[in-house]
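Residue indices begin at 1 and follow the sequence shown.
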Amino acid sequence: GSHELRSDEGFVLEVVRQNGLALGDANEEVRACRNVVLAAVRHNGYALKHATAELRADKDIVLEAVKQCGLALKHASDDLRNDTAVVLEAVRKH
C-alpha cells in the first residue's frame, strides 16, 4: 500500500509539488532524488531538512530552498551555511 507509494519517485514528485514537507514521508531512496528534492524545496524551503546529506550540500538545491524560506539555511551543509551567496539569499528571504 502506502510503502510502495512512498518509494515511487513519480508519485512523490507530484505530492511534494503540492506540499514540500511531504518529502519527510518519502523513503531514503526518494529523498536522495535531486529532482524530487528540488521540487519539494521550491514549494517549501524547509523541506530541505528531509533531504539526504549529499543534497543538503548541493548549492543549487540549497539556494532554491533559501529563496523560498530563509530559515532553511540551518539545514544546509556546513560549507553552504558559510557560503556568501547562500547566506545573502537567505537573509533576503528571512
Novice: Any sub-3.5 Å donor-acceptor pair from N82's side-chain atoms to D78's backbone N or O?
Specialist: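 Yes; at least one donor-acceptor contact below 3.5 Å.
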
Novice: Could you tell me the separation between the CG atom of D8 and the CD atom of E14, rounded to the nearest 0.5 Å?
Specialist: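 The distance works out to 10.0 Å.
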
Novice: Please name the pair of heavy atoms, one in A22 and one in V15, separated by the smallest distance, quoted to 0.1 Å.
Specialist: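 Heavy atoms only, the tightest pair is CB-CG1, 3.5 Å.
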
Novice: Given side chain to side chain contact (heavy atoms under 4.5 Å, CB included), test H43 with V16 step by step and report yes or no.
Specialist: CA-CA 7 Å; H43 180 269; V16 299; over 6 Å; no

Novice: Any side-chain heavy-atom pair from E9 and N35 closer than 4.5 angstrom?
Specialist: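 A side-chain contact under 4.5 Å exists here.
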
Novice: Is R6 reaching over with its side chain to a backbone N or O of D25, donor-acceptor style, under 3.5 angstrom?
Specialist: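 Yes, because the side chain of R6 sits within donor-acceptor range (under 3.5 Å) of the backbone of D25.
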
Novice: If you take all heavy atoms of A26 and R31, which pair is closest and at what distance?
Specialist: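 In this case the closest contact between A26 and R31 is O-NE, 3.0 Å.
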
Novice: What distance do R56 atom CZ and D79 atom CG have between them, rounded to the nearest 0.5 Å?
Specialist: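 So the gap between those two atoms works out to 13.0 Å.
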
Novice: With respect to L48, which candidate in L55, V41, L71 satisfies the side chain to side chain contact (heavy atoms under 4.5 Å, CB included) definition?
Specialist: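 So the option named by the test is V41.
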
Novice: How long is the span from the OG1 atom in T52 to the CD1 atom in I61, to the nearest 0.5 Å?
Specialist: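 Atom-to-atom, T52:OG1 and I61:CD1 are 7.5 Å apart.
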
Novice: Can you tell me how far NE2 of H50 sits from CG of N44, rounded to the nearest 0.5 angstrom?
Specialist: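 N44 atom CG to H50 atom NE2 measures 8.5 Å (nearest 0.5 Å).
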
Novice: Quick check against the 3.5 Å criterion: does H75 have a side-chain atom that pairs as donor or acceptor with the backbone of K49?
Specialist: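 Not at all, since once roles are kept as given, no pair shorter than 3.5 Å links the two residues.
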
Novice: Considering only heavy atoms from C-beta outward, does the side chain of R81 approach that of L73 to under 4.5 Å?
Specialist: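 R81 reaches L73 side chain to side chain.
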
Novice: Would a hydrophobic clustering, with Ile, Leu, Val, Met, Phe, Trp and Tyr connected at side-chain separations under 4.5 Å, put L63 with L88?
Specialist: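 L63 does not cluster with L88.
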
Novice: Looking at every heavy atom in both L13 and V36, which two are closest together, and how far apart are they?
Specialist: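 Shortest heavy-atom contact: CD1-CA, 3.8 Å.
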
Novice: Atom CD of E64 and atom SG of C69: how far apart are they, to the nearest 0.5 Å?
Specialist: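 Answer for the CD-SG pair, E64 versus C69, is 13.5 Å.
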
Novice: Could you pull out the closest heavy-atom pair between G20 and A47, with the gap in Å?
Specialist: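 Result for this residue pair: O-CB, 3.3 Å.
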
